[in-house]
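Every chain is numbered from 1 and lettered A, B, ... according to where its sequence line falls, protein lines coming before strand lines. Side chains included, hydrogens not; waters and symmetry mates left out as well; all remaining heavy atoms used.
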Protein chains: 2
Amino acid sequence: MSLAKAQAAVSRRFDRLNMHGIGFTDFVILYILQESPDGKLRRKDLAEKTSLTASGITRLLLPMEKTGLIAREANERDARVSYVVMTEAGRRIYEEAKYTADAIAAELIPAEQFKKYSAAAALFKLLGAVIV
Amino acid sequence: MSLAKAQAAVSRRFDRLNMHGIGFTDFVILYILQESPDGKLRRKDLAEKTSLTASGITRLLLPMEKTGLIAREANERDARVSYVVMTEAGRRIYEEAKYTADAIAAELIPAEQFKKYSAAAALFKLLGAVIV
DNA sequence: GCATAATAGTTGAGTAGTCAAATATATGTC
DNA sequence: GACATATATTTGACTACTCAACTATTATGC
């Protein structure tokens, strides 16, 4: 089961991110948020982009909100949705973690791939290109 | 994170296997056992082939042993190892589940790939070829 | 041949999610 | 504008693992 193997290997290497106090999935959340045009997304959309369930997102974001990496913002038109916005602290941690993530990604992927992007961004794009 | 997405999608579809009383990972175990030359493997080797930890294998095999899909066999030379062998019941369930797995795999992969093998075998080989 | 290190497997405690049900709000229909 | 239906999020109970520490056994250096 090489898919499982690849994913296990990739996310295990990214465990080094916990030196910034965040896990692999937290980093992915910050990455997605920082990439999104308004810098905020509905929980639903984060769920889709990460392939987690809405429930998983709730549980993942809870500690991130407590430690102040992200914050909650209401939607004026629809009281059901609560946006997830990156805080200043979140952005700072993301920038720090990006260096680590880039180093890890550089160990994982061939050199030509990350001329244009940061290595981490390239890795994500590469994975996106390979499957599904 | 498309790797995670792909894996989530694949293993979620294989949830249909629980109509045979087994999960996706149990099926993978049976598949690996049935493919192995002697029809038996050390727990260690199963761990490596599935990318699980030895501990995960212990926990996975426990119920499979209870329901009689696999059995335990000692190694005469080395008392530390315990082989995992497929039982008759295990082989029967595997053969049944294979039809379901093939049907699922056929929905997931392009047609030319499974001329030679069963669709499930082709899927596994394909995944193996793509990454790692 | 004895001490030290290495290997196979299991166990306790914890983590990262899942699913199904509940809650709150929005939308469409009549 | 009330009622049924749909959508976004949260919660409780559970599952499928992981890691670190342990037990039992085997291999190695001296």
Side-chain angles (χ1 to χ4, degrees), chain A residues 1 3-18 21-29 40-67 70-85, chain B residues 1 3-18 21-29 40-67 70-85:
Chain A
M1 285 306 328
L3 246 198
K5 197 171 261 175
Q7 205 216 335
V10 168
S11 68
R12 195 166 307 128
R13 299 224 193 174
F14 276 95
D15 279 356
R16 214 155 86 206
L17 286 172
N18 62 23
I22 63 176
F24 178 59
T25 317
D26 306 70
F27 180 73
V28 173
I29 294 289
K40 67 182 177 187
L41 282 170
R42 301 180 313 156
R43 288 161 145 69
K44 186 82 194 313
D45 300 325
L46 276 177
E48 266 157 29
K49 295 199 186 238
T50 54
S51 306
L52 297 181
T53 59
S55 161
I57 289 291
T58 296
R59 297 192 140 92
L60 179 65
L61 296 187
L62 210 70
M64 293 180 76
E65 198 178 341
K66 246 173 207 162
T67 56
I70 54 156
R72 194 175 280 267
E73 190 181 300
N75 177 330
E76 297 174 350
R77 305 278 181 79
D78 190 338
R80 288 170 307 181
V81 338
S82 93
Y83 286 114
V84 182
V85 300
Chain B
M1 285 302 329
L3 246 199
K5 198 172 263 176
Q7 205 215 334
V10 167
S11 67
R12 194 165 309 128
R13 299 226 192 173
F14 276 96
D15 280 356
R16 215 155 86 206
L17 286 172
N18 63 22
I22 62 176
F24 178 58
T25 316
D26 306 71
F27 180 74
V28 172
I29 293 290
K40 66 182 177 186
L41 283 170
R42 300 182 313 156
R43 287 162 146 70
K44 186 81 192 313
D45 300 325
L46 277 178
E48 266 158 30
K49 295 201 186 236
T50 53
S51 307
L52 298 181
T53 59
S55 161
I57 289 292
T58 296
R59 295 188 142 92
L60 178 65
L61 296 187
L62 211 70
M64 293 181 74
E65 198 179 339
K66 244 171 210 165
T67 56
I70 55 156
R72 193 176 280 265
E73 191 181 300
N75 178 327
E76 297 175 348
R77 304 278 181 78
D78 191 337
R80 289 170 305 180
V81 337
S82 93
Y83 285 115
V84 182
V85 299

Reported CG-to-OH distance for the pair B:Asp78 and B:Tyr83, which is rounded to 0.5 angstrom
8.5 Å
Taking the axis from the first five pairs and the axis from the last five, what angle separates them in the helix from C:dG1-D:dC30 to C:dC30-D:dG1, rounded to 10 degrees?
30°
Sequence-distant partners of B:Asn18, side-chain hydrogen bond (donor to acceptor under 3.5 Å, both in side chains), two or more places apart:
none
At a cut-off of 3.5 Å, list every protein nitrogen or oxygen paired with a nitrogen or oxygen from nucleotides 14-16 of chain D, distance to 0.1 Å.
none

Kindly state which residues belonging to residues 53-63 of chain A come within less than 4.0 angstrom of DNA chain D, counting heavy atoms of the residue only, listed by number.
A:Ala54, A:Ser55, A:Thr58, A:Arg59
Roughly, in whole Å, what's the span from CG in B:Asp15 to C1' in C:dC19?
11 Å
In whole Å, I'd like the distance from the CG atom of B:Leu46 to the P atom of C:dA8.
13 Å
Could you check how far CZ of B:Phe24 sits from C1' of D:dC17, rounded to whole Å?
15 Å
Figure out the CZ/P separation between A:Arg72 and D:dA8, and round it to whole Å.
16 Å
Atom CD of A:Glu65 and atom P of D:dT10: how far apart are they, to the nearest Å?
8 Å
Sequence neighbours left out, what passes side-chain hydrogen bond (donor to acceptor under 3.5 Å, both in side chains) with B:Asp15? Give chain and number order.
none
Contacts under 3.5 Å, N or O only, protein and nucleotides 25-27 of chain D:
| from | atom 1 | to | atom 2 | distance (Å) |
| --- | --- | --- | --- | --- |
| D:dT26 | OP1 | B:Ala79 | N | 2.8 |

Hey, does the side chain of B:Arg42 come within less than 4.0 Å of C:dA8's phosphate (OP1/OP2), counting only N and O?
yes
